[in-house]
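Both counts, for ligands and for their atoms, begin at 1 and track the order of listing. By convention here, the first residue in the shown sequence is residue 1.
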Amino acid sequence: MQGRTVVLGVCGGIAAYKAVEVCRRLTDAGARVLPVLTRGATRFVTPLTFSALAAEPARTRLFDDPDDPIPHTRLGRRADLVLVVPATAGFCARYAAGFADDLLTATLLATRAPVVLAPAMHTEMWEHPAVRANLAVLAARGVTVVEPEVGRLAGGDEGAGRLADPARIVGVAGEILAARRDLEGVRVLVTAGGTREPIDAVRYLGNRSSGKMGHALARAAHDRGATVTLVTTRADAGPFPFPTVVVGTAEEMRAALRRRFADSDVVVMAAAVADFRPKAPAEGKWKKEDGVPEVVLEPTPDILAELGAAKEHQLLVGFAAETEDVVARAAAKLVRKRLDLVVANDVSTPDAGFEVDTNRAVLLDSGGPVSETPLVTKAELAGIILDQVAARLGRAGRDETPREQT
Ligand code: C5P
């Protein structure tokens, strides 16, 4: 945290006294803390406490500050992170709705920095659908929520809603500040999920892909600063803090990618695209009384091979799900589809590949294997793949040396 600037927002709740400790821990860790107190917060704690601890004036006003006529934009730009402790129900509602009627909410609208909220409130409020909905909106926009704990609340009550431990809040802030931003400004197009090829009006030919690997890649690229567009077949996933296009068939996925290909720097094709589709899907529903239908299949377009043939500056990453000769078959795919990187995984083991949360992979480029992972989570594998992408874009080592190849 050394030298990083944290705007510490404090709202009016009894847990405001714990924000004092958060402020102390942040300054101890070397951060420059700029405290912003709401009017409610000043009923519980004084600006002087924060000014003294942070060695920075605690700000409370949007207007009438003679030293700073536009404090919110200045604060928003200076922040490497905005941390709100405690985030009250009223504050979450105003932030989710885009209000800018006090210094804290105005600063939050004026910043591009990551935002962390540590809510604290009574259990009934924490569980209220309005609070849940507001936090879901904020999470979908990329705000990190440090969930409150179950424990003693004001007035001697017990339940969920007690502010998370200050050490944990500062830990989360530290992790976010340490996160790599080595894909800042890189336009990344990610596909996820299995395509569904209609047999008739209600049935389709599909596969077991859950979309988890592609979704993990899209999230990880977003966290590292990339401008992400996700093309997924899973309408039930998300919400995601980046544009998402939901498609059904290989043909729809192909169209979605073609539209965006020229404006992409990296395409990661994690989707399990069907290789075959019914040639003439019935318009209505096949009826049982009509007997067993004969479904004639035809090949689908190989989207990745088409992109490979059309590529100019784009870096192309493909996947190869194999059950035997994993490396050799993946290497052949790399050449045939003109890929820059291929992620090969053995889908014959139950703990890797489709549906599960873990994976084990070999990454190859035209020179052969560049990385072989043990069994890792899909989020971890996404990080390993993006390390290789960053290295190929000449961005490795921007903020941190890339992970050792395993
Ligand atoms: O040839 P195979 O299907 O194993 O290749 C896998 C890779 O090619 C994956 O990245 C997948 O998304 C992509 N693919 C495609 N279009 C297809 C089939 C696969 O883009 N019709």
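Atoms of ligand 1 lying under 4.0 Å from at least one heavy atom of G318, given by number and element, are 10 (O). In the vicinity of T300, heavy-atom distances shorter than 4.0 Å reach the ligand 1 atoms 21 (N).
Using modelled atom types, one side-chain atom of T300 and one backbone atom of D275 make a donor-acceptor pair closer than 3.5 Å. Although no hydrogens or angles enter the test, the distance criterion places a donor-acceptor pair under 3.5 Å between the side chain of R392 and the main chain of Q388.
For a threshold of 3.5 Å applied to N or O pairs, the pair formed by P301 and ligand 1 contains at least one separation below that value. When only interatomic distances are considered, the shortest N/O to N/O separation between F319 and ligand 1 falls below 3.5 Å.
When the heavy atoms of T191, L257, D275 are ranked by distance to atom 18 (C) of ligand 1, first place goes to D275. Considering each of M269, R277, R336, E322, the one bringing a non-hydrogen atom nearest atom 10 (O) of ligand 1 is M269. Considering each of A320, A332, A272, A271, the one bringing a non-hydrogen atom nearest atom 12 (O) of ligand 1 is A271.
Shown here for V228 and A218, the closest heavy-atom pair between the two residues is CG2-O, 3.7 Å. Contact between L364 and L334 at its shortest, heavy atoms only, is O-CD1, 3.6 Å.
Regarding atom 4 (O) of ligand 1, its nearest protein heavy-atom neighbour is K333 NZ, 2.5 Å. Counting protein heavy atoms only, atom 16 (N) of ligand 1 is closest to I303 N, 3.1 Å. What sits closest to atom 1 (O) of ligand 1 on the protein, heavy atoms only, is K337 NZ, 3.0 Å. Among protein heavy atoms, the minimum distance from atom 20 (O) of ligand 1 is reached at L304 N, 2.8 Å. Here the heavy atom of the protein found nearest to atom 15 (C) of ligand 1 is D302 OD1, 3.5 Å.
Contact between A274 and ligand 1 is present, with at least one heavy atom of the residue lying under 4.0 Å from the ligand. Using a 4.0 angstrom heavy-atom cutoff, A250 does not count as in contact with ligand 1. Residue contact check for ligand 1: P299 places no non-hydrogen atom closer than 4.0 Å to it.
Dense packing is recorded around CZ of R61, with more than 12 heavy atoms of other residues, nucleotides or ligands lying under 6.0 Å away. Atom CZ of R187 has more than 12 neighbouring heavy atoms from other residues, nucleotides or ligands inside a 6.0 Å radius.
Evaluated for a side-chain contact (heavy atoms from CB on, under 4.5 Å) with M269, the options V343, V231, L189, L257 yield exactly one hit, L257.
Taking E127 as the reference, T123 meet the side-chain contact (heavy atoms from CB on, under 4.5 Å) condition, with sequence neighbours excluded.
Between E197 and E298 the shortest side-chain heavy-atom distance does not fall below 4.5 Å.
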Scan the side chains in residues 286-293 for donor-acceptor partners under 3.5 Å anywhere in the protein, sequence neighbours excluded, and list what turns up.
none

